[in-house]
Asker: 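Before anything else, here's the structure in question.
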Amino acid sequence: MTTPMRPSETEFNAYVDGELGPEAQAAVERHLGAEAEDARRIADYRAIGEALRALYDPILVEPIPARLVAATERRRSAAFAWAMRIAAALVLLVAGGVGGWLLRQSVSGSDAFQVAFTRHAIEAHRLYSVEVRHPVEVAADEEAHMATWLSRRLGRPIKPPPLAGAGFNLVGGRLLPAADKPAAQFMYENAGGQRLTLYFAVAAGGGDASYHYYQDGGTQALFWYIDGFACALTGEFQQQDLIAFAREIYRQRAGETVGPTYSW
Amino acid sequence: MISRSDLLSHIPGLRRYARALLRDPDRADDLVQDCLERALGRGHLWQPRPGGQGLRGWLFTIMHNLHIDQARRRTSMPPEVPLEASGPLAEPARQSDRIALGELAAAIDRLPDDQRQVVLLVGLEGMSYRDVAEVMGIPIGTVMSRLARGRDRLRQALAGESTPPLRRIK
């Protein structure tokens, strides 16, 4: 106890988890500004959370084992074995009924955010991916500068995940508006000239651990939350290809220790 | 009535939590499978209602109760050493100012079960304190005290004796 005003251990935790009201939140923030040791404690708690997710988030994109898919079957029928086979390809497209459910579908609560966010992502993708001369604000040859700039604007350290493993090179990035906050868009291009965009903004996911699949016309988007970001991966690709690209992003993260250069 | 696609959509999250809880992939998937089977058997008991527990919370509640039952049954048996302990998750520290993921996994293993559950439900699954209280069937105050103790222990375990290795560079 350094001063009688020191927040309790419980309050420090509630602060980290966003469980404090605005006044208590501000009080803890003031305290942290003055007490470096406690600020380090908070940073450590956050780092533990990030490390936890780095350790176990890759499980989210693993194919669901057949026996678990089977466990969701009420009756084991002859069609079951065949269903299991395609299930491996579909398991990641889990939300809201698989296959082409559209943005028009009525939604509520946090789903509304997700739909609005994904709509922005799809619009931004359509607007910029067809640009020949000015597809991005900052080109890939200035990647370090772009990362610094976008990190500052989004308020968290970010950098474009390398997608060379999936055959995509970085074109560059730009700053865009999401509904009420800044978003960043990274654009990638493959050897065939097809473009893929990753659009993301800082957003709490409320623990939603699923991929959500959207399509609008010929444009497909995969939405998910990760590490305090909302992300949408968008392009004119087949569902399974988008998933493979998302997996590549996860693969890049898996097995890494958590560090400031790796926290997009 | 629970739709199959709803159930499928929660499997990745259930698997993630079970793996973090148990470490052993086979045992973790066993737990998820038990959970799914019990959920289907009791599906008529769950109804979506305003202010009520969502499907996700309900599934985690079922899995939590199964885990408690199984842990109780195992207490008379010698502790199992997770085979994964030296597997791909256990990576050596590369830099002292970063968290070594293997060390973190081992430190979580050493937490008492009740603290580990809270740390994982909040820190990994991102559940609110209220949801965790509901899943575990305990008061929110208990959630908070277990979380505080659990995180503090993790931090100390990762900090070693003198130098705090968790420092993040801005």
Side-chain angles (χ1 to χ4, degrees), chain A residues 8-10 12-14 16-19 40-41 43-62 64-65 67-74 87 90-92 94-98 157 204-211 225 254-261 263, chain B residues 3-17 19-20 29 32-37 40 56 88-89 91 93-95 97-101 104-105 108 119-129 131 141 144-145 147-149 151-152 154-155 158-159 164 166-170:
Chain A
S8 70
E9 190 57 29
T10 305
F12 282 137
N13 277 278
V16 169
D17 299 317
E19 295 261 353
R40 268 197 294 279
R41 170 177 292 267
D44 286 353
Y45 288 170
R46 293 219 160 103
I48 287 171
E50 285 175 22
L52 262 180
R53 291 186 290 272
L55 255 179
Y56 293 111
D57 274 356
I59 293 166
L60 296 178
V61 293
E62 285 178 7
I64 298 179
R67 62 176 172 130
L68 298 186
V69 175
T72 65
E73 287 276 332
R74 235 164 283 263
L90 293 180
V91 286
L92 293 166
V94 283
V98 173
D208 182 345
S210 314
Y211 277 103
Y225 290 106
E256 282 281 340
T257 52
V258 168
T261 59
S263 28
Chain B
S3 84
R4 181 152 182 264
S5 66
D6 282 349
L7 209 51
L8 278 171
S9 75
H10 289 290
I11 292 179
L14 291 167
R15 291 186 76 221
R16 173 174 65 175
Y17 175 62
R19 184 86 62 90
D29 281 344
V32 174
Q33 186 171 346
D34 291 348
C35 170
L36 293 170
E37 282 165 1
L40 271 182
R56 175 167 183 261
L89 289 185
E91 299 224 331
R94 289 177 207 170
Q95 279 178 244
D97 58 359
R98 295 180 173 196
I99 296 181
L101 298 184
L104 176 66
I108 287 171
V119 165
L120 293 175
L121 287 174
V122 172
L124 181 62
E125 298 303 321
M127 278 192 195
S128 70
Y129 293 177
D131 287 351
M144 291 163 80
S145 57
L147 179 65
R149 284 201 302 275
R151 273 205 182 119
D152 191 50
L154 282 183
R155 182 176 188 245
L158 294 166
L166 292 187
R167 190 96 32 87
R168 281 180 75 205
I169 302 166
K170 253 273 153 73

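The figures here come from the full heavy-atom set of this structure, side chains too, leaving out hydrogens, waters and symmetry mates. The model shown is predicted, which means the values in this text are computed figures rather than measured ones. So you know, we letter chains A, B, ... as the sequences are listed, proteins then strands, and number each from 1.
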Asker: Quick check: do A:Ile48 and B:Arg151 have side-chain heavy atoms less than 4.5 Å from each other?
Answerer: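 A side-chain contact under 4.5 Å is absent here.
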Asker: Does the side chain of B:Ile108 reach to within under 4.5 Å of the side chain of A:Leu52, using non-hydrogen atoms?
Answerer: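 They are in side-chain contact.
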Asker: B:Asp34: what forms a side chain to side chain donor-acceptor pair (under 3.5 Å) with it, not counting sequence neighbours?
Answerer: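 Per chain and number, B:Asp34 pairs via side chain to side chain donor-acceptor pair (under 3.5 Å) with B:Gln70.
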Asker: If we only count heavy atoms from C-beta on, is the A:Asp44 to B:Leu158 side-chain gap below 4.5 Å?
Answerer: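 A:Asp44 does not reach B:Leu158 side chain to side chain.
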Asker: Who wins among B:Gly123, B:Ala20, B:Ser128 for the most heavy-atom pairs under 4.5 Å with chain A?
Answerer: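 That would be B:Ala20.
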Asker: Rounded to the nearest 0.5 Å, how far does OG1 of A:Thr10 lie from CE of B:Met144?
Answerer: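 So the CE of B:Met144 and the OG1 of A:Thr10 are separated by 5.5 Å.
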Asker: Could you measure the distance from the CG atom of B:Leu147 to the CG atom of A:Asn13? Nearest 0.5 Å is fine.
Answerer: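 The CG atom of B:Leu147 sits 4.5 Å away from the CG atom of A:Asn13.
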Asker: Can you say whether B:Leu121 sits under 4.5 Å from chain A via the side chain, the backbone, both, or neither, judging by heavy atoms?
Answerer: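 Neither the backbone nor the side chain of B:Leu121 comes within 4.5 Å of chain A.
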Asker: If you compare all heavy atoms of B:Leu104 against all heavy atoms of A:Ala51, which two are closest, and at what distance to 0.1 Å?
Answerer: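 Heavy-atom minimum between the residues: CD2-CB, 3.5 Å.
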Asker: Would you mind reporting whether A:Leu68 and B:Leu14 have side-chain heavy atoms less than 4.5 Å apart?
Answerer: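 No - every pair of side-chain heavy atoms lies 4.5 Å or more apart.
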Asker: Is a salt bridge present between A:Arg41 and B:Asp152, judged by a nitrogen-to-oxygen distance below 4.0 Å?
Answerer: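 B:Asp152 and A:Arg41: salt-bridged.
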Asker: When rounded to the nearest 0.5 angstrom, what is the spacing between CZ in A:Arg67 and CG in B:Leu36?
Answerer: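 A:Arg67 CZ to B:Leu36 CG: 10.5 Å, rounded to 0.5 Å.
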Asker: Would you name the heavy atoms of A:Glu19 and B:Tyr129 that are closest together and state the gap between them?
Answerer: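 Between these two residues, the closest heavy atoms are OE2-N, 2.7 Å.
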Asker: Of the non-hydrogen atoms in B:Pro12 and A:Ile64, which two are nearest, and what is the gap between them?
Answerer: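 Between these two residues, the closest heavy atoms are CD-CD1, 4.0 Å.
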Asker: Considering residues at least two apart in sequence or located in another chain, which fulfil the salt bridge (charged side-chain N to carboxylate O under 4.0 Å, His left out) criterion with B:Arg15?
Answerer: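 B:Arg15: salt bridge (charged side-chain N to carboxylate O under 4.0 Å, His left out) contacts with A:Glu62, B:Asp29.
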Asker: Checking B:Val32 against chain A: side chain, backbone, both or neither under 4.5 Å from a heavy atom?
Answerer: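 It is both, since atoms from each part get that close.
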